[in-house]
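Notes follow the structure.
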There are 2 protein chains.
Amino acid sequence: MTLEDPKLDWTARRRQATRREILDAAWETARTDGWEGLTLRRVAERVGMRAPSLYSHYASKAAIVDAMFGAAWQELDDEMAQLESELPDDPRAALLLVARSAFGFFTSEPVRHTLMNLIAVPGFVPSEESYAPSVRNLDRLRRLLTRCGITEAAGVDLWTALIGGLTSQQIANDPGGDRWARLVPRAVAMYADQFGLPRSV
Amino acid sequence: MTLEDPKLDWTARRRQATRREILDAAWETARTDGWEGLTLRRVAERVGMRAPSLYSHYASKAAIVDAMFGAAWQELDDEMAQLESELPDDPRAALLLVARSAFGFFTSEPVRHTLMNLIAVPGFVPSEESYAPSVRNLDRLRRLLTRCGITEAAGVDLWTALIGGLTSQQIANDPGGDRWARLVPRAVAMYADQFGLPRSV
DNA sequence: GTCTATACACCGATAGAC
DNA sequence: GTCTATCGGTGTATAGAC
């Protein structure tokens with residue numbers, strides 16, 4: 001429910017827009033100063049407000065971070081949904097596409113990555129509502145892998161470990177480079193072999 | 001040089017012992033309250049001191065964290081050195097042993113894991129001195145994999161991604177469980193297949 | 001809704017007595 | 001080497017005027 005609803009009246013729409021502005025400012029702050037540098041004063045400054053004014057729109061700093069978490073997973077899920085609708089028939093090609101998409105999504109925004117994977121943000125615990133998109137995304141991944149011929153339960157867990165490992169290494173040890181990005185095709189082939197996918201022609 | 005040197009005189013040895021106590025207290029504090037909860041006041045309380053007294057032993061809070069980083073990597077490297085001396089001849093068995101060892105080391109102490117892999121500790125950047133053990137460890141890993149028949153350069157990067165991915169998933173999504181621990185043998189087999197290691201008998 | 005002013009709790013670090 | 005006292009700063013959050 002972070003998107004604007006055209007049926008709302010003017011003041012409600014204005015409120016939504018302001019919440020959006022605050023969220024954007026929070027992302028920019030986190031990108032610049034890291035999660036430990038994300039403070040209400042800095043966010044407010046970027047929006048053009050004073051810190052206490054933020055409380056008219058979010059109940060607390062935690063509520064802001066919570067909204068960021070939900071929005072990030074929703075964003076990934078939207079991307080995966082798009083991908084799902086245009087998946088190639090060849091299982092290996094499809095797998096590679098999914099892998100590259102996720103890898104690119106995470107590595108392009110390291111700060112977002114640390115929030116989504118629950119590392120680095122002090123005492124943050126997502127609310128049930130903001131957790132929902134990440135669950136939806138895992139379901140979608142399960143479906144996607146099944147369509148690629150991965151039916152075993154272990155398939156999903158090994159997939160998340162493999163892709164997550166590649167992205168984390170890329171971000172931590174070669175930020176901005178492609179040392180692990182270059183390994184993605186090979187990693188996917190290795191994974192496909194393990195689950196007995198037919199070789200492409 | 002964090003180990004005690006028997007040739008030092010009494011006061012120097014006492015100093016070393018106190019530094020050790022402080023480091024231990026810092027670990028315990030980080031385990032209990034997380035890295036954001038690691039404060040000099042809490043560490044001092046655990047040691048039985050007042051916060052300012054810590055400055056007689058460490059120049060700053062950053063110096064303490066730095067020492068923890070170096071000690072953690074030294075600890076892992078010691079374990080890997082032990083492993084190296086008793087490695088089985090069969091390449092696949094050796095690989096599995098290395099994987100299990102690293103996986104167990106990291107997952108047994110999640111807080112240590114986040115420090116070693118440079119996620120979650122505010123603005124920490126390791127000093128050259130404390131960074132050295134981690135470099136040594138990577139060299140050892142390279143040597144270890146070579147002995148197992150992994151000669152390609154990509155071998156090390158894919159290995160760290162795979163093992164790191166498994167450990168991170170285990171810690172983040174099933175702490176205390178074995179959902180990804182159970183996948184380690186399969187992941188190692190998949191990896192060994194990719195690099196053409198002969199199958200065990 | 002936004003502002004100013006402020007409460008309250010902490011933090012890392014320093015000065016100087018003992 | 002450890003203490004007390006304190007500095008200068010941070011943070012989140014609230015009260016109340018406009």
Side-chain angles (χ1 to χ4, degrees), chain A residues 4 8-26 28-30 32-69 115 120-125 127, chain B residues 4 8-30 32-69 115 120-127:
Chain A
E4 297 180 36
L8 297 175
D9 65 1
W10 187 86
T11 61
R13 289 183 55 188
R14 183 79 213 105
R15 259 189 81 81
Q16 287 285 9
T18 307
R19 281 174 64 96
R20 230 275 141 56
E21 274 184 71
I22 291 171
L23 226 53
D24 290 343
E28 217 169 320
T29 305
T32 314
D33 305 324
W35 288 109
E36 81 283 2
L38 178 66
T39 69
L40 295 182
R41 291 195 220 278
R42 277 200 255 252
V43 173
E45 186 185 19
R46 236 178 248 272
V47 180
M49 280 180 182
R50 303 296 178 170
S53 305
L54 296 175
Y55 285 88
S56 300
H57 301 275
Y58 285 97
S60 66
K61 178 189 173 181
I64 297 179
V65 176
D66 196 53
M68 296 168 84
F69 178 87
L115 173 62
V121 186
F124 171 64
V125 178
S127 68
Chain B
E4 297 180 35
L8 297 174
D9 64 3
W10 188 86
T11 62
R13 290 182 54 188
R14 182 81 213 104
R15 260 189 80 81
Q16 288 284 10
T18 306
R19 281 175 63 96
R20 231 276 139 59
E21 275 184 70
I22 291 171
L23 228 53
D24 289 344
W27 278 116
E28 217 169 322
T29 304
T32 312
D33 305 324
W35 289 107
E36 81 282 2
L38 178 66
T39 69
L40 295 181
R41 285 171 167 83
R42 276 198 256 250
V43 173
E45 187 185 16
R46 237 178 249 272
V47 179
M49 280 182 181
R50 302 295 179 169
S53 305
L54 296 175
Y55 285 88
S56 299
H57 302 276
Y58 287 95
S60 65
K61 177 188 174 179
I64 296 178
V65 175
D66 197 53
M68 295 168 84
F69 179 86
L115 174 62
V121 188
F124 171 65
V125 179
S127 69

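Chain A is the first sequence line, chain B the second, and so forth, proteins listed ahead of strands; every chain is numbered from 1. Values below: all heavy atoms of this structure, side chains included; hydrogens, waters and symmetry mates excluded.
Here Trp27(B) pairs with nothing under the side chain to side chain donor-acceptor pair (under 3.5 Å) rule; sequence neighbours left out. Judged as a side chain to side chain contact (heavy atoms under 4.5 Å, CB included), and not counting sequence neighbours, the contacts of Phe124(B) are Val65(B), Asp66(B), Phe69(B), Leu115(B), Leu118(B), Val121(B), Pro126(B). Residues forming a salt bridge (charged side-chain N to carboxylate O under 4.0 Å, His left out) with Glu28(B) (at least two apart in sequence, or on another chain): Arg46(B). For Arg19(A), there are no salt bridge (charged side-chain N to carboxylate O under 4.0 Å, His left out) partners two or more places apart in sequence or in a different chain. Qualifying side chain to side chain contact (heavy atoms under 4.5 Å, CB included) partners for Ala62(A), counting only residues two or more places apart in sequence or in other chains: Ser60(A). Scanning for side chain to side chain donor-acceptor pair (under 3.5 Å) contacts around Asp24(A) gives an empty result, with sequence neighbours left out. In this view, Glu21(A) and Arg14(A) satisfy the salt bridge (charged side-chain N to carboxylate O under 4.0 Å, His left out) rule, not counting sequence neighbours. Shown here are the side chain to side chain donor-acceptor pair (under 3.5 Å) partners of Glu45(A), two or more places apart in sequence or in another chain: there are none. Evaluation of the side chain to side chain contact (heavy atoms under 4.5 Å, CB included) rule for Ser56(A) yields no partner, not counting sequence neighbours.
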Polar atom pairs between nucleotides 4-10 of chain C and protein, under 3.5 Å, N or O only, would you list them?
residue, atom, partner, partner atom, Å
dT4(C), OP2, Arg50(A), NE, 3.1

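Scanning DNA chain D 5' to 3' for nucleotides with an atom closer than 4.0 angstrom to a non-hydrogen atom of chain A gives a first and last hit of dG11(D) to dT14(D).
When rounded to the nearest whole Å, the span between CG of Leu40(B) and P of dC11(C) equals 9 Å.
Contacts with DNA chain C (heavy atom under 4.0 Å) in residues 58-65 of chain B: Ser60(B), Lys61(B), listed by number.
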